[in-house]
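Quick notes on the structure that follows.
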Amino acid sequence: QAITVIEGARVVQAAQLMASKKQDAVLVVNADGQLSGIMSDRDIVNRVIAEGRDPRTTLVRDVMTRDPLAVYDSGLRNEALNIMLEKRFRHLPVISVTADEQEDDNDSDDDGAQTNIVGLIDITKLVFDKLDDLERKVLSGGSCPDLGSVLRARGPAPLVPSSASIREVALIMKENHATGVLLVEVSEFAGGDHALAGIATTKDLVSR
């Protein structure tokens, strides 16, 4: 079930709601309760933390992604996944057709039709649904890419000193279009080798 906030809410309120519900995005509605935007943990990191804005005074309407593309709950799962892959979306709102809109479709071309928010699709859930197909392919003798080839295709993950500030981490995520970075400690006694200290994601920065 998707969580929603109003456009005039403060970012800190939305972030607290996301953390309490263990969600990494919220849908934003206008005064009429209609979908007007979406705000993810990545939006908060890139548009608030990295820019040095105060989440306690910044409004959701000022940093959300406006008029997001949405899919109907009657649509096919594969179509939604294809949209997310093509557009590089991590989330996709799901809406339903109301009885009023169905009548409008029959009687007129009115663009002011009402829709109901059903939920929010996370691309990881759709990908997990595809794992069974991949497993069957491998078991039948097909090939499966190894992690090395996947990492080479994506490029190296950003490395950040574990002593970096939250804003510095956010800036590096924004510059690298990344949702996560590796935190490292440089050992003076090991020729400057990097020792992995942890990982930080956009969700970590928003929820903590």
**Prompt:** Where do L69 and F89 land on the side-chain contact (heavy atoms from CB on, under 4.5 Å) test, with the steps shown first?
**Reply:** CA-CA 10 Å; L69 182 65; F89 292 161; 4.1 Å; yes

**Request:** For the pair I117 and V29, evaluate side-chain contact (heavy atoms from CB on, under 4.5 Å) and give the outcome as yes or no after the intermediate values.
**Result:** CA-CA 10 Å; I117 298 174; V29 297; 3.6 Å; yes

**Prompt:** After noting the C-alpha distance and the side-chain angles of R10 and L59, does the key distance pass the side-chain contact (heavy atoms from CB on, under 4.5 Å) rule?
**Reply:** CA-CA 4 Å; R10 291 171 293 157; L59 300 182; 4.1 Å; yes

**Message:** Go through it in stages, so that I can follow the logic: the residues are V181 and N176, the test is side-chain contact (heavy atoms from CB on, under 4.5 Å), and I'd like the CA-CA distance, side-chain angles, deciding distance and then a yes or no.
**Reply:** CA-CA 10 Å; V181 298; N176 289 272; over 6 Å; no

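Proximity of L27 to I3: side-chain heavy atoms (C-beta onward) are nowhere separated by under 4.5 Å. No side-chain heavy atom of I199 sits less than 4.5 Å from a side-chain heavy atom of L183. By the 4.5 Å heavy-atom criterion applied to side chains, T65 and R47 are counted as neighbours. At a threshold of 4.5 Å between non-hydrogen side-chain atoms, the residues L35 and V28 do not count as touching. Looking only at side-chain heavy atoms (C-beta outward), I95 and N116 stay at 4.5 Å or farther from each other. The shortest side-chain heavy-atom distance between Y72 and V94 does not fall under the 4.5 Å cut-off. In this structure, the side chains of V63 and M39 come closer than 4.5 Å at one or more pairs of heavy atoms. Proximity of D62 to R53: side-chain heavy atoms (C-beta onward) are separated by under 4.5 Å at one or more points.
I6 and V48 fall into different hydrophobic clusters, where Ile, Leu, Val, Met, Phe, Trp and Tyr are joined by side-chain heavy atoms under 4.5 Å apart, directly or via other members.
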Please table the atom pairs, donor to acceptor, closer than 3.5 Å between any side-chain atom in residues 160-172 and protein atoms at least two apart or in another chain.
| unit_1 | atom_1 | unit_2 | atom_2 | d |
| --- | --- | --- | --- | --- |
| S165 | OG | E168 | N | 3.1 |
| S165 | OG | E168 | OE1 | 3.4 |
| R167 | NE | A50 | O | 3.2 |
| R167 | NH2 | A50 | O | 3.4 |
| E168 | OE1 | S165 | N | 2.8 |

When the side chains of residues 18-26 are checked against the rest of the protein, which donor-acceptor pairs come out under 3.5 Å, sequence neighbours left out?
| unit_1 | atom_1 | unit_2 | atom_2 | d |
| --- | --- | --- | --- | --- |
| S20 | OG | Q16 | O | 3.3 |
| S20 | OG | L17 | O | 2.9 |
| D24 | OD1 | H91 | NE2 | 2.8 |

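Looking at D32, its side chain never comes within 3.5 Å of a backbone N or O of Q34 through a donor-acceptor pair. The closest donor-acceptor contact from the side chain of E86 to the backbone of I83 lies at 3.5 Å or more, if one exists at all. Not a single donor-acceptor pair under 3.5 Å links the side chain of N46 to the backbone N or O of D43.
Contact detail for V12 and R56: the closest heavy-atom pair is CG1-CA, 3.8 Å. In plain terms, the two heavy atoms of G37 and P68 that are nearest each other are CA-CD, 3.5 Å. The shortest non-hydrogen separation linking L120 to P93 is CD1-N, 3.7 Å.
Contact check on D41 versus R90 returns a salt bridge, with a Lys/Arg side-chain nitrogen under 4.0 Å from an Asp/Glu carboxylate oxygen.
Atom OG1 of T202 sits about 8.0 Å away from atom CG of D204, to the nearest 0.5 Å. Here L205 contributes atom CG and R42 contributes atom CZ; the two are 13.0 Å apart, rounded to the nearest 0.5 Å. Rounding to the nearest 0.5 angstrom, the gap separating the CZ atom in R66 from the CD1 atom in I38 is 14.0 Å.
Using modelled atom types, one finds no donor on one side chain facing an acceptor on the other under 3.5 Å when comparing N30 with S36.
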